[in-house]
Chemist: 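What follows is a structure written as structure tokens; I'll ask about it next.
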Amino acid sequence: MAKIFQVSARAGMTRVVEPIARALLRAGVTPNAVTVAGTVGVLVGALGFGARGHLVAGALIVTFFALTDLLDGTMARMSGGSTRFGAFLDSSMDRVADSAVFGAVAYWLATQGNHSGVAAALLCLAAGALVSYVKARAEGLGMTCNVGIAERTERLLIVGVGGILTGVGVKPALEIALWLLAAVSIFTVGQRVAHVYRQAQQLQPDGQA
């Protein structure tokens, strides 16, 4: 199934970031440094702004720094490919950033007495972690799992749009976005489990259940 954030749009963004990636590499900046800087930026946006109710500023800062996922990946490709540690660091920093985003959202909603929104935010956090875990576990077992309608970029875009709309006065937008995100995240987990199951069935020796 096609992803929400289409491949063509990602390719267009990559063309935009390539000149920036080249300039950073010429300046001696490493992809790992960009990964860490992007995570710090997300933490500032989420915890410094979003958790305090500055939803528009928080969403814009988080979105800007989340795009470093494209930048560090492009830099790694240009410099000869990602290292094992680079891939590990990138995945680990993504989990830190995602936890900060949804933790900040849950905290702010709790201060507003929105218990349904808090539940949705926590469900998004758990489902998002499971989306990533299922892929990592499948790849660790030698299978592929690059499927699903809601990968990390899509999840951040959905919550970001909800946060901006709520920040400009559309009060239910964030809660609606969170419940939508929870639904598509859970669906994505199902897609990935089914995809891995089909591969496992093809790979297992004849005669085994």
Chemist: What I'd like to find out is whether the side chain of L89 reaches to under 4.5 Å of the side chain of V36, using heavy atoms alone.
Modeler: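 Result yes, sub-4.5 Å side-chain heavy-atom pair found.
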Chemist: Decide yes or no for R137 and R192: does some side-chain heavy atom of the first lie under 4.5 Å from some side-chain heavy atom of the second?
Modeler: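 Counting from C-beta outward, R137 and R192 never come under 4.5 Å.
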Chemist: Who are the side chain to side chain contact (heavy atoms under 4.5 Å, CB included) partners of I176, not counting sequence neighbours?
Modeler: P172
Chemist: Which donor-acceptor pairs under 3.5 Å do the side chains of residues 48-65 make with protein atoms, sequence neighbours left out?
Modeler:
| residue | atom | partner | partner atom | Å |
| --- | --- | --- | --- | --- |
| R52 | NH1 | G48 | O | 3.2 |
| T63 | OG1 | A59 | O | 2.8 |

Chemist: If two hydrophobic side chains count as joined below 4.5 Å and joins carry through other members, does L181 share a cluster with L122?
Modeler: yes
Chemist: Applying side chain to side chain donor-acceptor pair (under 3.5 Å), can you list everything that pairs with E139, at least two apart in sequence or on another chain?
Modeler: none
Chemist: So which heavy atom on N32 is nearest to which on G86, and how close?
Modeler: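 Distance-wise, the nearest heavy atoms are OD1-CA, 3.4 Å.
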Chemist: What residues form a side chain to side chain donor-acceptor pair (under 3.5 Å) with T68, not counting sequence neighbours?
Modeler: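 Result, side chain to side chain donor-acceptor pair (under 3.5 Å) vs T68: none returned.
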Chemist: Using side chain to side chain contact (heavy atoms under 4.5 Å, CB included) as the criterion, list what pairs up with A129, not counting sequence neighbours.
Modeler: none
Chemist: Kindly determine whether Q202 and M143 satisfy side chain to side chain contact (heavy atoms under 4.5 Å, CB included), including the steps that lead there.
Modeler: CA-CA 11 Å; Q202 294 171 357; M143 294 178 280; over 6 Å; no
Chemist: Between C145 and V196, which heavy-atom pair has the shortest distance, and what is it?
Modeler: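 Between these two residues, the closest heavy atoms are SG-CG2, 3.8 Å.
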Chemist: Going by side chain to side chain donor-acceptor pair (under 3.5 Å), name the residues that satisfy it together with N114, two or more places apart in sequence or in a different chain.
Modeler: E175
Chemist: Starting at CG of L165, measure out to NZ of K171 and round the result to the nearest 0.5 Å.
Modeler: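 Atom-to-atom, L165:CG and K171:NZ are 12.0 Å apart.
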Chemist: Tell me who clusters with Y107, hydrophobic residues only, linked when side chains sit under 4.5 Å apart either directly or through other members.
Modeler: none
Chemist: Could you work out the complete set of other residues in the hydrophobic cluster of V131, with links drawn between I, L, V, M, F, W and Y side chains under 4.5 Å apart?
Modeler: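 V131 clusters with L130, Y133, V134, V189, V193.
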Chemist: Which residues pass the side chain to side chain contact (heavy atoms under 4.5 Å, CB included) test with L24, sequence neighbours left out?
Modeler: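 Scan of L24 (side chain to side chain contact (heavy atoms under 4.5 Å, CB included), adjacent residues dropped) gives I20, V29, V34, L71, M75.
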Chemist: Show the nearest heavy-atom pair for residues D69 and D72, with the distance to one decimal.
Modeler: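 Closest approach of D69 to D72, heavy atoms only: O-OD1, 2.7 Å.
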Chemist: Remaining members of W179's ILVMFWY cluster at a side-chain heavy-atom cut-off under 4.5 Å?
Modeler: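 ILVMFWY cluster around W179 also holds L123, I186.
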Chemist: Report yes or no: do I164 and L156 belong to one cluster of Ile/Leu/Val/Met/Phe/Trp/Tyr joined by side chain heavy-atom distances under 4.5 Å?
Modeler: no
Chemist: Counting only pairs under 3.5 Å, give me each side-chain donor-acceptor contact of residues 40-47, with atom names and distances, residues two or more places apart or in other chains.
Modeler:
none

Chemist: Identify the heavy atoms of V105 and A121 that sit nearest to each other, and give their distance.
Modeler: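 Here V105 and A121 meet closest at CG1-CB, 4.1 Å.
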Chemist: Any non-hydrogen side-chain atom of T144 less than 4.5 Å from a side-chain atom of H195?
Modeler: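 Yes. Closest side-chain heavy atoms under 4.5 Å.
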Chemist: Counting only N and O atoms by type, is there a donor-acceptor contact under 3.5 Å from the side chain of S79 to the main-chain atoms of A76?
Modeler: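 Yes.
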Chemist: Apply side chain to side chain contact (heavy atoms under 4.5 Å, CB included) to I149 and E154, showing your working.
Modeler: CA-CA 8 Å; I149 62 172; E154 287 78 18; over 6 Å; no
Chemist: Would V159 and L174 count as a side chain to side chain contact (heavy atoms under 4.5 Å, CB included) here? Give the steps.
Modeler: CA-CA 7 Å; V159 73; L174 181 56; 4.1 Å; yes
Chemist: When rounded to the nearest 0.5 angstrom, what distance separates OG1 in T166 from CH2 in W108?
Modeler: 6.0 Å
Chemist: Kindly state each residue pair satisfying salt bridge (charged side-chain N to carboxylate O under 4.0 Å, His left out) with at least one member in residues 80-98, sequence neighbours excluded.
Modeler: D94-R152, R95-D98, D98-R152, D98-R155
